Amino acid sequence: MPIIAAIILVITLIFVIWKPKGLHVGWSAGAGAVLSMLAGIVSLSDVAAVVGIIWNATLAFIAAVLISLVLDGIGFFEWAALVVARQARGSGKNMFVLGVLLGSVVTAFFNNDGAALMLTPIILMMVRSLGLGDRAAIAFAMAGGFIADTTSLPLIISNLTNIISADFFGIGFAEYAAYMVVPDLFSLTASLAVLLFVFRRFIPRTYDLASLKQPREAIRDVKLFYLSWAVLGMLFAAYLLSSLFGVPVSLIAGAAAILLLVAARNSGAVRPLKLVREAPWGIIVFSVGMFVVVYGLQNAGITAMLGWLMQRMAAFTPQHWERDLWPLFFPP
């Protein structure tokens, strides 16, 4: 049973990463889940348990993507990137630092996937429009993707894993932020230092501010732009109050997404129905499928085995290697 569960996991991961002929990751994960059920590793009750664990995180992710798509459609992120570029006052290093800080803020409020998908292409487009070259484009692109992961700690909504962990342990939004904001600041500082060191030769000294358009020119729907600020403010306030009333973050994010989509129905910059159709609904199948496959590892005893191995490795001492090393490979 453990060997079969491990093989199913490896095959599933290969297809998820490889994506032969553009196969959606949801289908690969779903097929892995079906194989686990056919092999008797998981049952329907296990699938129900998985759905109970991940539904809030998955729906919150879809809602965050819809919010990000509306904001992207009205030029919100491009406006923010242009503001950052102008605040840097022609200094390439300042622009790099402020771009990283912007990425961390977007990650905190729109999750790491939203930051990588929405903000990175805009910054890349801006870097190319300034004529800074491919080396600078690589630096800014790598920094955007890297910072989206390393600073996805501060809020429950910053990462799907945060939502799942908070739900599992019953941690509220404000309580989670109180514990994780400081570690996130340390992670941001360390990440920024590493990125500046690694890409120090790729970052241009200066750039021409005159070639940048004004931030207001990026806004495609002024009324919806200002409304979005009000919606985002209410959204964050609702997040803070969610723990008091036990409201799942997915319902709050979903309400904000619906409000923005309804408000955008008469906007020439956004096509709400098109955005809903293009939303990553396949993430639901992917999340359930992958969690079912991993749940199978638990049922097969692999996770318990790995936990035991980690405990033994933590207790390992060089002075008694013959006593501590042997059980790692030949458990009693």
Side-chain angles (χ1 to χ4, degrees), residues 56 58-87 98-99 101-123 125-126 144 148 152 154-159 163 173-174 177 212-245 247-281:
N56 188 30
T58 305
L59 294 181
F61 170 78
I62 293 175
V65 169
L66 285 172
I67 293 172
S68 300
L69 288 173
V70 173
L71 295 179
D72 184 54
I74 63 175
F76 185 94
F77 295 119
E78 185 179 359
W79 168 85
L82 287 169
V83 169
V84 162
R86 290 202 165 272
Q87 288 298 316
L98 290 177
L101 294 178
L102 175 62
S104 68
V105 172
V106 173
T107 296
F109 291 97
F110 300 99
N111 75 54
N112 55 334
D113 297 293
L117 292 173
M118 303 299 169
L119 195 59
T120 303
I122 292 173
I123 293 180
M125 179 184 64
M126 190 167 61
S152 61
L155 305 177
I156 286 179
I157 56 170
S158 304
N159 196 313
I163 302 175
F173 188 91
L212 279 176
K213 63 182 180 182
Q214 294 294 329
R216 62 176 177 272
E217 296 177 39
I219 302 174
R220 304 182 187 97
D221 189 315
V222 177
K223 290 183 179 179
L224 196 54
F225 175 80
Y226 287 112
L227 176 63
S228 66
W229 279 104
V231 172
L232 292 177
M234 291 187 294
L235 176 62
F236 186 66
Y239 280 145
L240 292 175
L241 295 174
S242 63
S243 54
L244 298 178
F245 302 99
V247 181
V249 292
S250 61
L251 298 184
I252 297 173
I258 292 172
L259 180 58
L260 282 176
L261 288 170
V262 171
R265 67 189 187 279
N266 295 323
S267 172
V270 180
R271 297 170 60 186
L273 293 179
K274 183 174 182 292
L275 294 186
V276 172
R277 287 195 300 269
E278 294 177 351
W281 299 105

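Keep in mind that what you see is a predicted model, and the values were worked out from it rather than measured. Counting begins at 1 with the first residue of the sequence.
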Any side-chain heavy atom of L71 sitting closer than 4.5 Å to one from L232? yes
Nearest heavy-atom pair of T107 and G103: which atoms, and what distance? OG1-O, 2.7 Å
For residues Y239 and I157, determine if any side-chain heavy atom of one lies less than 4.5 Å from a side-chain heavy atom of the other. yes
Check: W281 side chain, V276 main-chain N or O, donor-acceptor pair, under 3.5 Å: yes
Closest non-hydrogen atom pair between Q214 and R86, with its separation: NE2-NH2, 3.5 Å
Can you find a pair of side-chain heavy atoms, one from I67 and one from L235, that are under 4.5 Å apart? yes
Which atom of A257 lies closest to which atom of A63, heavy atoms considered: CB-O, 3.8 Å
For a 4.5 angstrom cut-off between non-hydrogen side-chain atoms, does F173 reach I252? no
Please round to the nearest 0.5 Å and tell me the distance separating atom CD of E217 and atom CG of L212. 10.5 Å
If we ignore hydrogens and angles and just use 3.5 Å, is the side chain of S250 paired with the main-chain N or O of A60 as donor and acceptor? no
All heavy atoms of F77 vs all of S68, minimum pair found to be CE1-O, 3.4 Å
Aromatic rings F109 and F236: how do their planes relate, parallel, tilted or perpendicular, breaks at 30° and 60°? perpendicular
Does the side chain of L82 reach to within under 4.5 Å of the side chain of R216, using non-hydrogen atoms? no
Of all the heavy-atom pairs spanning A108 and L155, show the shortest one and how long it is. O-CD1, 3.5 Å
With a 4.5 Å limit on heavy-atom distance, are the side chains of V65 and D113 in contact? no
Spacing of CZ belonging to F110 relative to CZ belonging to F76, to within rounding of 0.5 Å: 5.5 Å
Just by distance, do the side chain of E78 and the backbone of G75 share a donor-acceptor pair under 3.5 Å? no
Evaluate the salt bridge (charged side-chain N to carboxylate O under 4.0 Å, His left out) criterion for residues E278 and R271: first the C-alpha distance (whole Å), next the side-chain angles of each, then the deciding distance (0.1 Å), finally the verdict. CA-CA 11 Å; E278 294 177 351; R271 297 170 60 186; over 6 Å; no
Tested for side-chain contact (heavy atoms from CB on, under 4.5 Å) against N56, the lone hit among V249, L251, I156 is V249
Roughly how far, to the nearest 0.5 Å, is CG of L227 from CG of L259? 6.0 Å
With a sphere of 6.0 Å drawn around CG of L273, does it hold more than 12 non-hydrogen atoms of other residues, nucleotides or ligands? no
Between OG of S158 and CD1 of I163, what distance do you get to the nearest 0.5 Å? 9.0 Å
Hey, are the side chains of D72 and I122 touching, using non-hydrogen atoms and a 4.5 Å cut-off? yes
Heavy-atom closest contact (A81 atom, I123 atom, distance): CB-CG1, 4.4 Å
For the side chain of R220 and the backbone of G73, is there at least one donor-acceptor N/O pair under 3.5 Å apart? yes
What is the distance from atom CD of Q87 to atom CG of L101, rounded to the nearest 0.5 Å? 12.0 Å
Nearest-0.5 Å distance, CG of residue L224 to CD1 of residue I74: 4.5 Å
Which word best sums up how the rings of F225 and W229 line up, parallel for under 30°, tilted for 30 to 60°, or perpendicular for over 60°? perpendicular
